[in-house]
Amino acid sequence: QVQLAESGGGLVQAGGSLRLSCTASERTFSTNAMGWFRQAPGKGREFVAAIGWDNGVIKYADAIKGRFTISRDNAKITVYLQMPALKPDDTAVYYCAAGVLGVAVLLPEYWGQGTQVTVLS
């Protein structure tokens, strides 16, 4: 069972930035990517970004494309989500996931516990 540990969430003013980190306990043959989803209050969980472990292919949701940047450190089995210029609409619980990279999104197999990001207007 893969364990995913997230960190880096918090409370920031609009325009501020945060960097989320997620470290996996191991890699498995059933997964080839890691990434992030988010769930805002009263809304469903939505895909944010993902990156392939071996080929570095990156997928972004249209809502954050051009703003957020996902990166990885293979040696540490860690992915990062750099989030500059945050908006109140970015307020959500951000979940790390490990799974298979699809055409446009990550197909998750494992989930982290989530980390809260709150952006104040």
So does Glu109 have more than 12 non-hydrogen atoms from other groups sitting under 6.0 Å from CD?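 Enclosed: over 12 neighbouring heavy atoms sit under 6.0 Å from CD of Glu109.
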Side-chain heavy-atom pair Phe37, Val93 within 4.5 angstrom cut-off: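 Side-chain contact under 4.5 Å: no.
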When clusters are formed by joining ILVMFWY residues with side-chain heavy atoms under 4.5 Å apart, either directly or through shared neighbours, do [X] and [Y] land in the same one?
| X | Y | answer |
| --- | --- | --- |
| Leu20 | Met34 | yes |
| Trp111 | Val105 | yes |
| Tyr95 | Tyr110 | no |
| Ile51 | Ile77 | yes |
| Ile58 | Tyr94 | yes |

Approximate separation, where rounding is to 0.5 Å, of [X] [atom1] and [Y] [atom2]:
| X | Y | atom1 | atom2 | result |
| --- | --- | --- | --- | --- |
| Gln39 | Gln116 | CD | CD | 10.5 Å |
| Tyr80 | Thr69 | OH | OG1 | 14.5 Å |
| Met83 | Ile70 | CE | CD1 | 11.5 Å |
| Leu106 | Trp36 | CG | CH2 | 12.0 Å |
| Lys87 | Ser121 | NZ | OG | 14.0 Å |
| Leu101 | Thr31 | CG | OG1 | 11.5 Å |

Could you report the tightest heavy-atom contact between [X] and [Y], atom names first, then the distance?
| X | Y | answer |
| --- | --- | --- |
| Arg72 | Gly56 | NH1-CA, 3.5 Å |
| Pro84 | Ser17 | CA-CB, 3.6 Å |
| Ala49 | Leu81 | CB-CD1, 4.2 Å |
| Arg38 | Ala63 | NH2-CB, 4.2 Å |
| Trp53 | Ala33 | CD1-N, 3.6 Å |

With a 3.5 Å distance limit and no angle check, can you tell me whether [X] reaches the backbone of [Y] through a side-chain donor-acceptor pair?
| X | Y | value |
| --- | --- | --- |
| Glu6 | Gly114 | yes |
| Asn32 | Asp54 | no |
| Gln3 | Ser25 | no |

Identified side-chain contact (heavy atoms from CB on, under 4.5 Å) counterpart of Thr23 within the set Thr78, Leu4, Val79: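 The single option meeting the side-chain contact (heavy atoms from CB on, under 4.5 Å) with Thr23 is Thr78.
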Does a side-chain N-to-carboxylate-O contact under 4.0 Å join Lys65 and Asp62?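 Looking at Lys65 and Asp62, the cut-off is met.
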Go through the side-chain N and O atoms of Thr91 and Thr118 and say whether any donor and acceptor fall under 3.5 Å apart.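 No pair is found: no donor N or O on one side chain lies under 3.5 Å from an acceptor on the other.
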